[in-house]
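To start, the structure itself, in structure tokens.
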Amino acid sequence: MKKAASGPMLESMPADLIAQAREALPPDLYQQASYVIVRPMWSLFGRVFRVYTADGRLTFFVRRPLFRLRDRLILFADEDETIPVLEIRNRSVLSLNMCHDVLDALTGMRLGSVRTRGLAWMWRDTWDVLDPDDRVCGTMQEDTLSLVRRFLRFWPGRHHIEIGGEPVALLLQQFRIFRKVFSLQFLPASQNVDARFLIACALVAVMADVRRENSS
């Protein structure tokens with residue numbers, strides 16, 4: 001059997017079986033109008049993020065190790081981590097403009113990228129959205145001031161994503177005590193954008209939000 005060649009986490013998984021498992025996923029799983037991103041406050045051996053459809057079906061399961069200098073995350077369609085769908089990979093360990101590439105976990109094809117804007121995070125988190133050819137095609141931005149949320153840690157966050165000058169998605173934090181919950185809503189202009197890429201962008205924003213809160 002042909003082996004998947006996307007990296008250490010997938011080396012032992014036959015590529016043809018992964019492809020079959022992905023084809024067996026519900027066809028509407030990545031065609032929803034809204035999703036919910038959940039991060040429990042406590043989880044062993046790393047931070048865990050789950051993405052659900054509005055009717056409660058698991059879309060992505062992501063485990064982020066606690067001690068890893070360079071982020072390389074696999075987005076699985078199941079909690080057993082047997083069906084890899086996407087990979088989020090940082091281009092460098094340390095950079096003022098950190099770039100996160102979003103790749104198909106099986107083929108390695110890049111769907112696009114999100115790149116931080118230098119020191120903009122001091123006021124509010126801001127990213128450039130890049131197309132597969134590395135051209136800037138949009139932005140992802142926090143709509144609440146990061147400085148305010150450093151002091152008011154329970155103040156809910158809001159982000160929006162624009163592509164081609166049009167808003168395509170809204171990311172809204174819902175107040176919860178024992179877990180982080182974010183609602184991701186797709187707007188009409190998102191019809192021409194891969195929903196998986198937008199979910200990955202939202203996860204980058206959520207992880208940055210959690211990381212900033214934990215460091216404050």
Side-chain angles (χ1 to χ4, degrees), residues 1-90 100-109 111 114 157 169 171-186 194-211 213-214:
M1 292 183 179
K2 181 181 178 182
K3 298 288 185 178
S6 297
M9 297 182 68
L10 307 180
E11 284 176 354
S12 61
M13 299 180 182
D16 52 351
L17 294 184
I18 293 175
Q20 291 176 21
R22 284 172 45 159
E23 290 176 0
L25 294 172
D28 67 335
L29 198 59
Y30 304 106
Q31 299 175 5
Q32 301 292 305
S34 63
Y35 294 86
V36 178
I37 301 173
V38 179
R39 180 199 171 242
M41 294 299 290
W42 298 281
S43 55
L44 296 175
F45 311 117
R47 302 184 183 97
V48 167
F49 300 83
R50 294 178 177 87
V51 183
Y52 298 97
T53 60
D55 58 7
R57 291 177 294 164
L58 182 68
T59 303
F60 284 127
F61 176 82
V62 188
R63 189 187 305 276
R64 183 179 181 184
L66 289 175
F67 305 106
R68 176 175 290 181
L69 183 60
R70 182 170 181 174
D71 275 343
R72 180 179 178 275
L73 304 174
I74 304 297
L75 281 59
F76 292 91
D78 62 323
E79 294 204 17
D80 292 332
E81 300 180 307
T82 62
I83 311 176
V85 179
L86 294 180
E87 176 183 349
I88 300 176
R89 183 189 301 173
N90 288 358
H100 310 270
D101 290 325
V102 180
L103 313 169
D104 185 292
L106 184 58
T107 66
M109 182 181 70
L111 278 64
V114 281
L171 180 66
L172 309 171
Q173 184 178 359
Q174 302 173 7
F175 179 76
R176 297 289 189 276
I177 296 178
F178 297 112
R179 57 180 181 167
K180 293 283 189 181
V181 178
F182 293 80
S183 171
L184 178 62
Q185 302 173 7
F186 290 163
D194 191 324
R196 300 174 305 162
F197 175 66
L198 293 179
I199 296 172
C201 290
L203 279 167
V204 169
V206 168
M207 291 178 187
D209 191 88
V210 171
R211 182 168 56 246
E213 180 173 307
N214 290 343

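Quick caveat, the model's predicted, so the values are computed rather than measured.
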Gap between atom CG of L203 and atom CE of M207 - 0.5 Å precision: 5.0 Å
Working to the nearest 0.5 Å, report the span between CG of L111 and CG of L86. 6.0 Å
In Å, rounded to the nearest 0.5 Å, how long is the span from CD1 of I37 to CD of Q174? 10.5 Å
Identify the residue among L25, L198, D194 that makes a side chain to side chain contact (heavy atoms under 4.5 Å, CB included) with Y30. L25
I need the single residue from V114, V102, L73 that forms a side chain to side chain contact (heavy atoms under 4.5 Å, CB included) with V204. Which is it? V114
Return the set of residues passing salt bridge (Lys or Arg N to Asp or Glu O under 4.0 Å) with R57 (not counting sequence neighbours), or none when no residue passes. D28, D55
Could you state the interatomic distance from CZ (R196) to CD (Q31), rounded to the nearest 0.5 Å? 10.5 Å
Residue list, side-chain contact (heavy atoms from CB on, under 4.5 Å) with E79, at least two apart or on another chain: R50, L58, F61
On a heavy-atom basis, the closest approach of A200 and I88 is O-CD1, 3.9 Å
Interatomic distance, E87 atom CD to L106 atom CG [nearest 0.5 angstrom]: 11.5 Å
The salt bridge (Lys or Arg N to Asp or Glu O under 4.0 Å) partners of D80 (sequence neighbours excluded) come to none
To the nearest 0.5 angstrom, please state how far the CZ atom of F197 sits from the CG atom of D104. 13.5 Å
Taking all non-hydrogen atoms of both residues, which atom of V48 and which atom of R39 are closest, and how far apart? O-CG, 3.3 Å
Check step by step if side-chain contact (heavy atoms from CB on, under 4.5 Å) holds for E81 and I74. CA-CA 9 Å; E81 300 180 307; I74 304 297; over 6 Å; no
For F186, does its backbone N or O pair with a side-chain atom of Y35 as donor and acceptor, under 3.5 Å? no
Taking D78 for the side chain and I83 for the main chain, is one N or O donor matched with an acceptor at less than 3.5 Å? yes
